[in-house]
Q: 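Got a structure for you, questions after.
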Amino acid sequence: MYDHTQIEPKWIKTWDKNKTFKVDVKKAKKPFYNLAMFPYPSGEGLHVGHIIPYSGVDTLGRFMRMRGFDVFEPMGFDAFGIHSENFAIKQGIHPKTLIAKTTQYFRDQQMKRLGTLFDWEREVNTTDPNYYKWTQWIFVQMFKHGLAEKRKAPVTYCPSCKTVLSDEQTEIAKQSQPQGLTDKTPGVEPSAPGVVSVTVCERCKTPIERRELEQWFFQITKYANKLLENLDHLNNDVWGKDQKIPEKDLKNGINWSEKTKRAQRNWIGKQEGIEIKFSIKYQESLASSDTGRASIKQDGITVFTKFPETIFGVTYIVLAPEHKLVSQLTTPEQKKAVEEYINQVKGKTEQERIAEGKTKTGVFTGSYVTNQVNGEKVPVWVADYVLATYGTGAVMGVPAHDERDFAFARKYGLPIKRVVLPKNSHKSFILKESVPSDFVETLKKNGYENISYDFNGNIQVEFNYDQFANSFIKLVAQALDAKYFVDVVGSNNIFVFKDKVMYFTDSHDEKKIIGEITRRWPDFAKNRTLFPLMGFQWGDEVAETTFYHDYLCFEENGILVNSKGFDGMQSQKDGREAIVEWMVKQGWAGRKTTFKLRDWCISRQRYWGPPIPMINCSKCGWQPVPEKDLPVVLPFVEDYQPTGDGKSPLAKDKAWMKVKCPKCQGWAERETDVSDTFLDSAWYFLRYPSVGLTDKEPWDRTVTKKWLPVDIYIGGNEHAVLHLMYARFITMALKDMDFIDFEEPFKKFFAHGLLIKEGVKMSKSRGNVVNPNIYLDKYGADTLRMYILFLGPYEAGGDFRDTAIAGTYRFLNRIWTLINNYPNLIITSKEVSQKLEAVKNKTVKKVTDDLSSLQFNTAIASLMEYYNFLSDVVTKELPNQPKQNKLALSCAEWDSAIKVLVLLLAPFAPFISEELWTQINKKSLQSVHDQPWPKYDESILKNQEVVIVVQVNGKVKDKITFSTQESRVQKEVEKAVMNSPKVRATLANKKIAKTIFVPGRLINLVT
RNA sequence: GCCGAGGUGGUGGAAUUGGCAGACACGCAGGGUUUAGGACCCUGUAUCCUUAAACAAGAUGUGCAGGUUCAACUCCUGUCCUCGGCACCA
């Protein structure tokens, strides 16, 4: 039995003392920057989830080290931020005290036990003034280069954390709706408990609010294009001029996974579209301000759209409540209503808005604008379904061809104008009592096959060609009861009555048709449009339509109608092109690209972060703190809890706030907000190689050039969008400011999977978070590391089971026993000896390949197979051992076999391999981790005996062994196959029609 | 709704990219060893069926339904389900 409790501490001490893994950042010849995401030191300590990136990175690092690279593997602590602060509040301990304690625990009690290459002399701690001095310095540079600005902005606010959150720090939670409401409402059927989506704070899961505050922003949107474009360049060797891992060694190349890139692309959300201007003509009804009137006259309203071809279908315009023109456009009569609406929207929390579902609300401003393509006047509305932050904050309402506009128009009775028709297809709905019961038979006889029924037994018909419509109308009219009518929706909207057929193309038709229906159905008079009818909704509230929905609100490609000279064109193809070209030529529109990406709100009204290094002078405005005065040290504030009044706790320290303006030397005030934690982590990888530099520069340029960009970065997928985006942005900005020489920080990013505990997601709230120390104590670091990598594919994570980890421990024990019991086995059989050589080479190849592509689980499996084989060798050879003094003998083959075993094991299980290595090489003081990685001999692999699979009609009947040469010659194989009794029996007297031969693989006889 | 990933034994997962499905491990069963438990070692372990039983033979089998092929977990078409991410983005 091997005793990890003895071996592991011993080697930690020895390696530490000998500085075995120390890298000289200046002298290193083959630098390999091997990075795992640093943790935030919460009070709970590391959990096993953290071990995934560390095991993976370290195993790769040790492998690369043995392959001759100078592996730099740093570690640090992301110790500022809300996580840490909230934990401090919970514990009632000042974060400054608490963080010192927790980082110490993380480092000394947990991380150091893992046996990693982490270079603790280059630890980074974001709360160290020597570090955040430079975080602040970056802020100052951003300001100086026009990338930071303070502006009032609607922000997401967490009432529990009492701080502003970036959109990225929120998430959608599903909450079940309070059921009482619906159950008690008279006339409403008790419904199943509804599930509502609620936007909540990512950390504390409290529903968020919206507020307006003055905030510092980094203008990441200026880099939107570059952030997007570079994603296509992150492939293989674009940054690989001095590529450190040969591509064949890292199978996936130096790049990011498609998945991560897609997530980033999605987040940036580039959209090509058109901006269209609607002119303002009806000035007489405008609000009083003269200046307002003048400017409106010139400006008009610009909307952004991806569907310019529907321009002739515009029946109204919507502005976001925050839109600049709202107040100017509101007429005196509508002023009260609009103001009330805006206040209501502002006061509404996100939760309430979402709880309302997608129900649209809005008010009319009283103003109209002109649609320049046809001179129509269309009303301007204000509605909160339009976002102020996307596009121009204004939208053209095309209810016939946009889902949201459709819902809005139906709610407020706005006209719906079709300009795109579905190509040649129709749907019709027939009440069952309106036709004879054999009507369906009649339809079927006439070739209508696509017939179904709704839950009441009413008839639903779909058919595809225009010529069918006429015969359908005839059939229906013949069969129809005079009290009823039937509607047909499609490229024509038709209402069929017993004695007449009415076509519905515009609102004029609509009134007539409503009149006709009302004659039969007086109840219908209260409807302003036909749409409720076609949607089967009779109440005031128009819900989602069902059967006709796709045709009534048609969002796909179709044929343009009612569009001047563009009728008949394909809406989303030539029609779109033609209309855009025409509008641009007329000066009414311009092509425009927009992004979903928003500017990065940097301000946090909290205590535990680097103070934003800015000074507000009443005379000179915002001034950056002079670089010589950095860092702005975070003052010790006893009562550091967030105030909730929109100000940071730092605002309590009036003496600290008071400062001379760097420009005019008059009295001024410091900014009291601190910066977002994501800024701390957006540049930490730049600092590691230069830790220790304190004076003039954040990093040593030569050293940086040598080590960066990072060769491989491993971390959780939850950071694939935010952290990675911010780090890329800061890197690009620094490159443009000429502080570094590259614009992409990470050559390769690898997102590892997550751990599940006995089938359930591991989380603090479930209380099933596992402290790795339990396993470190029981089984040791080697076992834990290896087990975690063995669980499943690295990118997929796996299920952590107590019983399974014991299996890995047993495996290490077996190796220990094997090598201790049989250090000098003598191989007597030539056959065994040959086989041994083959298996050894095969294993080396497999482990090498798998490690290169981070397929740890299969690498470990092949190590286990290798062990199983060695164990068989022992069993076979044991009876043949010579009777002499065993210690005096040795066998080169066996010696090499077990050495290879230990070498291949070393990256995974550094402690036990080191111990075994010293046992095998009694005299040598060399570390196993300084040994070269074993090589394999391709020629041995190629010259093995080959098993050919023999199939008859694709079914395996026999397996025959050949030499490599023979296995490639069809004649040889065929000859042997014909001698096989099994094959003969199966073939009997059948004739072979065809023979498929795959050299070295199989032979298939087809009869 | 949109985007992405995935469905293989009792379980976690393999499968050279179209060529022996289930490597490796867990669990389970039987045996050995042990005073006992644990640990360790050996053997077996997809399902069904034939046989008194063993040896063995056969059939079925990678979510479901089709297709291509001498040959499909792998390719194509359709469909169902699960898990992630985004979501009033015009």
Q: Between rC42(B), rA21(B), rC88(B), spot the one nearest the side chain of V956(A), thanks.
A: rA21(B)
Q: Using the test ring pair (Phe, Tyr, Trp, His ring centres under 6.0 Å), find all partners of Y775(A) that sit at least two apart in sequence or belong to another chain.
A: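 Testing Y775(A) for ring pair (Phe, Tyr, Trp, His ring centres under 6.0 Å), a comparison that skips the adjacent residues, returns F800(A).
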Q: Rounding to an integer number of angstrom, what distance separates rG66(B) and rA72(B) when you compare their C1' atoms?
A: 14 Å
Q: By the rule that syn is within 90° of 0, classify the base conformation of rG10(B) as syn or anti.
A: anti
Q: Residues two or more places apart in sequence or in another chain: which of them pass side chain to side chain donor-acceptor pair (under 3.5 Å) with T5(A)?
A: D3(A)
Q: Given rA5(B), is OP1 or OP2 found less than 4.0 Å from the side-chain N or O atoms of K259(A)?
A: no
Q: Quantified in whole Å, what is the C1' atom distance between nucleotide rA14(B) and nucleotide rC3(B)?
A: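 Looking at atom C1' only, rA14(B) and rC3(B) are 29 Å apart.
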Q: For rA46(B) and rG10(B), measure between their C1' atoms and round to the nearest Å.
A: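 After rounding to an integer number of Å, I get 11 Å for this pair.
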Q: With side chains defined as the heavy atoms from C-beta onward, is the minimum distance between M786(A) and F856(A) less than 4.5 Å?
A: no
Q: Considering every strand and a 4.0 Å limit on heavy-atom distances, what is the contact class for Q951(A): base, sugar-phosphate, or nothing?
A: base
Q: Just checking, any donor-acceptor pair under 3.5 angstrom between side chains of S871(A) and R814(A)?
A: no
Q: P atom, rU8(B) versus rU33(B): distance in rounded Å?
A: 41 Å
Q: Is the base of rU69(B) syn or anti, where syn means the angle lies within 90° of 0?
A: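 Anti.
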Q: Look at the aromatic rings of Y794(A) and H752(A) and report parallel, tilted or perpendicular, splitting at 30° and 60°.
A: tilted
Q: Taking the side chain of S871(A) as its heavy atoms from C-beta onward, which of rA90(B), rC42(B), rC20(B) lies nearest to it?
A: rC42(B)
Q: Contact class for R262(A) vs. all strands (heavy atom < 4.0 Å): base, sugar-phosphate, or nothing?
A: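 Sugar-phosphate only.
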Q: Test of understanding: with side chain to side chain donor-acceptor pair (under 3.5 Å), list the residues that count as partners of Y316(A), not counting sequence neighbours.
A: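 For Y316(A) the side chain to side chain donor-acceptor pair (under 3.5 Å) partners, ignoring immediate neighbours, are Y385(A).
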Q: Between rC20(B), rA90(B), rG4(B), which nucleotide has the shortest distance from any of its atoms to the side chain of V395(A)?
A: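 Nearest listed nucleotide: rA90(B).
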Q: Atom pairs, N/O to N/O, protein against nucleotides 44-47 of chain B, distance under 3.5 Å?
A:
none

Q: Determine, step by step, whether K845(A) and D849(A) satisfy the salt bridge (Lys or Arg N to Asp or Glu O under 4.0 Å) criterion, reporting the C-alpha distance in whole Å, the side-chain angles of both residues, the deciding distance to 0.1 Å, and the verdict.
A: CA-CA 6 Å; K845(A) 180 172 163 49; D849(A) 289 351; 3.2 Å; yes
Q: Looking for any heavy atom pair under 4.0 Å, which part of the strands does I996(A) touch: base, sugar-phosphate only, or nothing?
A: base
Q: For N953(A), enumerate each residue passing the side chain to side chain donor-acceptor pair (under 3.5 Å) test, keeping only those at least two apart in sequence or located in another chain.
A: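 For N953(A) the side chain to side chain donor-acceptor pair (under 3.5 Å) partners, ignoring immediate neighbours, are T1007(A).
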Q: Rounded to whole angstrom units, what separation is found between the CD atom of E795(A) and the C1' atom of rG6(B)?
A: 12 Å
Q: How would you list, by chain and number, every residue that makes a side chain to side chain contact (heavy atoms under 4.5 Å, CB included) with A861(A), sequence neighbours excluded?
A: F790(A)
Q: List every contact pair, protein side and nucleotides 55-63 of chain B side both N or O, where the distance is under 3.5 Å.
A:
none

Q: With sequence neighbours excluded, what pairs up with K842(A) under the side chain to side chain donor-acceptor pair (under 3.5 Å) test?
A: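 For K842(A) there are no side chain to side chain donor-acceptor pair (under 3.5 Å) partners, ignoring immediate neighbours.
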Q: List in chain and number order the residues that pass salt bridge (charged side-chain N to carboxylate O under 4.0 Å, His left out) with K417(A), two or more places apart in sequence or in another chain; answer none if no residue qualifies.
A: E376(A)
Q: What's the CD1-P distance between I1003(A) and rC20(B), to the nearest Å?
A: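 Roughly 15 Å, once rounded to whole Å.
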Q: Taking atom P in both rG12(B) and rU68(B), what distance in whole Å separates the two?
A: 34 Å
Q: Side chains of T361(A) and K411(A): closer than 4.5 Å at any heavy-atom pair?
A: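 The answer is yes, as the side chains (C-beta and beyond) meet within the 4.5 Å cut-off.
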Q: When the C1' atoms of rU45(B) and rG22(B) are considered, how many whole Å apart are they?
A: 12 Å
Q: Give every pair of a protein N or O atom and an N or O atom of nucleotides 23-32 of chain B that lie under 3.5 Å apart, one pair per line with the distance.
A:
unit_1: rA23(B); atom_1: O2'; unit_2: E865(A); atom_2: OE1; d: 3.3
unit_1: rA23(B); atom_1: O2'; unit_2: E865(A); atom_2: OE2; d: 3.3
unit_1: rA25(B); atom_1: OP1; unit_2: N868(A); atom_2: ND2; d: 3.4
unit_1: rC26(B); atom_1: OP1; unit_2: R810(A); atom_2: NH2; d: 2.9
unit_1: rC26(B); atom_1: O2'; unit_2: T803(A); atom_2: OG1; d: 3.3
unit_1: rG27(B); atom_1: OP2; unit_2: R810(A); atom_2: NH2; d: 3.2

Q: When you look for runs of 3 or more Watson-Crick or G-U pairs in a row, both distances below 3.5 Å, which of them include RNA chain B?
A: B:1-7 with B:80-86, B:10-12 with B:24-26, B:27-32 with B:40-45, B:46-48 with B:58-60, B:63-67 with B:75-79
Q: Decide whether N1004(A) and K994(A) meet the rule of one side-chain donor and one side-chain acceptor closer than 3.5 Å.
A: no
Q: Provide the distance between the two P atoms, one in rU74(B) and one in rG61(B), to the nearest whole Å.
A: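 Pairwise P distance, rU74(B) against rG61(B), rounds to 13 Å.
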Q: Please check if the number of heavy atoms outside E718(A) that lie under 6.0 Å from its CD is greater than 12.
A: yes
Q: Is the phosphate of rA90(B), meaning OP1 or OP2, less than 4.0 Å from a side-chain N or O of K306(A)?
A: yes
Q: Roughly how far apart, to the nearest Å, are rA15(B) and rG6(B) at atom P?
A: 13 Å
Q: Ring pair (Phe, Tyr, Trp, His ring centres under 6.0 Å) with Y779(A): which residues, sequence neighbours excluded?
A: Y809(A)
Q: Taking OP1 and OP2 of rA90(B), is either one under 4.0 Å from a side-chain nitrogen or oxygen of Y390(A)?
A: yes
